[in-house]
Structures are given as C-alpha cells and as structure tokens.
Amino acid sequence: MSHQYTLQLHTGSFLKANYSAAQIMEKCDAIFARIKVKDLILGWNTDPELNRTLLDYFHTKGVRVLLWLPILAKSDEVCEITYATTLSDQDKNAHFACPNHIPNSHAIITLYEQYFANLPFDGVFLDKIRFASFAEGYEQGFGCFCAQCEKQMHSVDLPYIKKLIQAHDNKLMRGEYDRYGRYHFADFQVNTFYKRRSQYITDLVFKLAAYFNSRKLVVGADLFAPILAYHVGQNIKEIGKLVDFVKPMMYTHTEAPSGIPYEYHAYITHFAQSEAFTKHFPGGPLSRESLRVQMEYIANVPAHVVPGIEINPIQGICHTNAETVKDHLSLFAHYSTIALCWDIMQIQDAILAVL
C-alpha cells in the first residue's frame, strides 16, 4: 500500500519561534513535491502572524491543519495550571500537571481561546495527555497524590498502595494485557488504583474533546506505544471513543521521553521482575513480534489509527535512519496514513527518499 502522511511541524515553544514562515514554506514545498500529505500537526508557537501565514499556505496546498497543543506537561509559563504532587515531593520540580484539578482544564481552554481560537485551524491534536512516566522519576510514575486526587480515590486502599510503592513491590507489575492493550493488574487494589487514575485522564480528554468538537474541530490524541500507554493513565479504548484519531508513538530508536527503549528501561529499573513486559513480549518490547502484537491491540480501538514513526536522527537521542524508516513502513503497511515525527523541518533527504 502506498502511504499518505501526517506531518508534525514544531514551530517552537509558546513564546519562541524556531523558524520563519519563509523557511517553513520553502522546506514544505520540497516535501509536498515528493510525498502525499493529508494532515499537518502544527505548533505550538503563539505568534498570530506566523500561524495565519502558515495556515493560509497549507490550506492552499489542500492540507488539513491541526493545532499541536501540549496539555499536561510543563512548557512555558503561559497559563496557570497546578502541577502534580508525589508521595514525597510536594510540587517541587514537577513537570506534569494534575489532570484532576478542575481549573487546569479551564486554563487549557483559556490558553486556546487567547492565542489560537481566531485562527482557521481544522482541528486540535492533544499531546502530553497523560501522567508522568517513570522516566520522570519513580514516585512521579504513579501519578498525582494531591488532596483532590486522593479524595477521588475513595474506592482504593491508598495506605496499602503507598506501602507497595515504597517497597517497589512486584505486585505493582503483575497482570495481563487485554485485546485493547489495557493492563489488568492481578492485585485487586492495584488494579482499582490504576483504573481510577486512567479515568482522570479519560475525563479530561472528554472535557477537552467536547469543547473542541463544539467548535467543529477535528480532535486527535497522542498516545504512548500500547505496551506503555495504560501505565501512564491512557486507556486506549476509552480515549479512542472520544477522539477522531489516535497516534501511537511507535518510537523504537529514541533514547528520550516517549521512546519505547527509554521508557521501558526507566520502568524496569525499579522492579526486580519486569513481568509486565517479559511475559507478554518474548524477544523484548522492541522486537518485530512485539510491535506487531502492540498494533493488534490498537487496531481494536474505535478511532482512526495513525502510527507515529521517527524521522529525525539526533545524535545521542534518536538513532533512526533510512533503513529503520523503511522497516517501519513495511511493518505498518496496512495503515493508510503514517505520522512522521517529530519535526518535518529536520527530515533528511535520505529518509525523505524512502517514503
């Protein structure tokens, strides 16, 4: 199958642009001449002149444009949100916001309305819509323990859960994946705990998707690879019910946040047994068989699926190349659309040539 592509274009932080409009248009003219582009995820710089110029340009090319909007991860201080607390770190050095703090969803919508609502975006792509992973730290990997979150954990024996966390108990790992990639923990209380925390994320996606749908906007969601998604609070099936498409990050050569090897290593270093991965994915989480099984999970999701693959080699961080991209295109051959991540402005000619 010949693919069409969704591009991600990182225009910069909220407060600082990475490129000029002229630089972006020159690069994209060359890209559009070689591959078929369906959608473009653009963000998240707030410069209205830059965004309007780019939207006009991409729309003349027949490309649908979605605003790339990071939700719960700290980026720039452009809105007032409350960051998550852990068992021992009371809001110090926190990098993820609390999804259960009601004013946070209002702050996200306020940010959108202040900087982006008057621009003709076709949709919104929700990024960082999860809890912190173990790559942020061991205790951070279990989510938020603020007073509001703990109050919502009314069905969970929190003293028991905290004792397991402090002991790095393997009960926090044991369980089974279902056909949607959700992980069902063998310990009843651990399972209940993870169900509650995933519901917080799903509830936030529901609120935001409802708001953006009311504005006639397409909504997409960034997901961890299925092997890891539920462990950071992403219930793939339930999120899939709320959005138009999901983009699982099938990043197999990235030693940085969201990369499967990076996140996998951060997870297993805290436990004596990595049963959640070794039991279910012989050959390791990066084997071709593992990736095939993971995509079987996400194929059952009630939303359009657009696998995300790495196309930006970065020394010491991302080790992808033309051959790894070709391999992923083969692996995901039956998907009509592939997302090229992270920043199409940095794609190399050798990789563009194999698309």
Side-chain angles (χ1 to χ4, degrees), residues 5-29 31-32 37-82 97 99 101-129 203-222 239 242-247 303-304 306 339 341-345:
Y5 295 98
T6 293
L7 310 185
Q8 285 191 254
L9 200 164
H10 188 211
T11 54
S13 68
F14 286 118
L15 303 178
K16 183 179 179 181
N18 287 344
Y19 314 101
S20 69
Q23 288 173 316
I24 291 171
M25 291 186 289
E26 181 181 7
K27 180 73 171 183
C28 288
D29 278 342
I31 293 170
F32 293 158
V37 178
K38 177 184 179 183
D39 297 322
L40 188 132
I41 297 168
L42 181 75
W44 47 86
N45 185 253
T46 55
D47 183 339
E49 183 177 351
L50 173 68
N51 285 325
R52 191 173 296 279
T53 299
L54 293 176
L55 283 162
D56 289 345
Y57 164 77
F58 289 121
H59 284 153
T60 63
K61 300 292 185 180
V63 174
R64 188 172 66 171
V65 186
L66 282 74
L67 170 64
W68 188 353
L69 189 61
I71 302 300
L72 293 175
K74 185 177 290 186
S75 180
D76 296 318
E77 298 300 328
V78 295
C79 65
E80 293 293 329
I81 58 177
T82 299
H101 188 60
I102 293 174
N104 283 349
S105 59
H106 297 159
I108 293 161
I109 290 171
T110 298
L111 183 151
Y112 167 80
E113 291 180 340
Q114 181 175 353
Y115 294 106
F116 303 109
N118 293 324
L119 296 166
F121 282 98
D122 302 294
V124 175
F125 181 70
L126 305 178
D127 192 6
K128 304 295 192 295
I129 189 77
D203 288 347
L204 182 57
V205 174
F206 174 82
K207 293 173 186 176
L208 295 175
Y211 169 78
F212 291 120
N213 285 159
S214 75
R215 299 183 66 96
K216 311 301 183 186
L217 295 170
V218 171
V219 178
D222 216 20
I239 290 174
L242 303 173
V243 299
D244 297 286
F245 73 94
V246 295
K247 191 208 82 180
H304 185 57
V306 181
C341 315
W342 310 305
D343 182 10
I344 198 64
M345 290 294 290

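Quick note: residue numbers are just sequence positions, from 1.
Within the structure, every pair that satisfies the side chain to side chain donor-acceptor pair (under 3.5 Å) test and touches residues 116-129, not counting sequence neighbours, is listed here: His59-Asp122, Trp68-Asp127. The list of side chain to side chain donor-acceptor pair (under 3.5 Å) pairs with a residue in residues 46-57, not counting sequence neighbours, reads Asp29-Tyr57.
Taking each heavy atom of Ile239 and Ala221 in turn, the nearest pair found is CG2-CB, 4.1 Å. Shortest non-hydrogen contact noted between Leu72 and Pro99 is CD1-CB, 3.9 Å. Here the closest non-hydrogen pair linking Asp222 and Ile129 is O-CG2, 3.8 Å. Nearest heavy atom pair, residue Ala97 against residue Ile81, reads CB-CD1, 3.7 Å.
Each of Thr60, Leu40, Val65 was compared with Leu55 under the side chain to side chain contact (heavy atoms under 4.5 Å, CB included) criterion, and only Val65 meets it. Of the residues Leu67, Val124, Leu66, the one that meets the side chain to side chain contact (heavy atoms under 4.5 Å, CB included) test with Leu217 is Val124.
Heavy atoms from other residues, nucleotides or ligands lying under 6.0 Å from CD1 of Ile102 number 12 at most. The 12-atom threshold is exceeded at CZ of Phe116, counting heavy atoms of other residues, nucleotides or ligands nearer than 6.0 Å.
Within the 4.5 Å cutoff, no side-chain heavy atoms of Ile344 are placed close to those of Lys27. Residues Phe58 and Leu9 meet the side-chain proximity criterion, which asks for heavy atoms closer than 4.5 Å. Looking only at side-chain heavy atoms (C-beta outward), Pro103 and Thr82 stay at 4.5 Å or farther from each other.
One distance of note links NZ of Lys247 with CD1 of Ile41; it measures 6.0 Å at 0.5 Å rounding. Considering CZ of Phe212 and CZ of Phe125, their distance stands at 13.0 Å, rounded to 0.5 Å. Considering CZ of Arg64 and OG1 of Thr6, their distance stands at 7.5 Å, rounded to 0.5 Å. Atoms CG and CG, from Leu119 and Leu50 in turn, are 10.0 Å apart once rounded to the nearest 0.5 Å. Note that CG of Leu42 and CD of Gln8 are 10.5 Å apart. Values are rounded to the nearest 0.5 Å.
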### Task
Show your working on side chain to side chain contact (heavy atoms under 4.5 Å, CB included) between Cys28 and Val63 and close with a plain yes or no.
CA-CA 11 Å; Cys28 288; Val63 174; over 6 Å; no

### Message
The test is side chain to side chain contact (heavy atoms under 4.5 Å, CB included); show your working for Tyr19 and Leu54 and say whether it passes.
### Response
CA-CA 11 Å; Tyr19 314 101; Leu54 293 176; over 6 Å; no

### Task
Go through the steps for Tyr115 and Phe14 under the test ring pair (Phe, Tyr, Trp, His ring centres under 6.0 Å), then give the verdict.
CA-CA 9 Å; Tyr115 294 106; Phe14 286 118; 7.4 Å; no

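Here Glu113 pairs with Tyr211 under the side chain to side chain donor-acceptor pair (under 3.5 Å) rule; sequence neighbours left out.
Judged by distance alone, the side chain of Asp244 and the main-chain N or O of Val219 form a donor-acceptor pair under 3.5 Å. Between the Asn45 side chain and the Thr11 main chain, no donor and acceptor come within less than 3.5 Å of each other.
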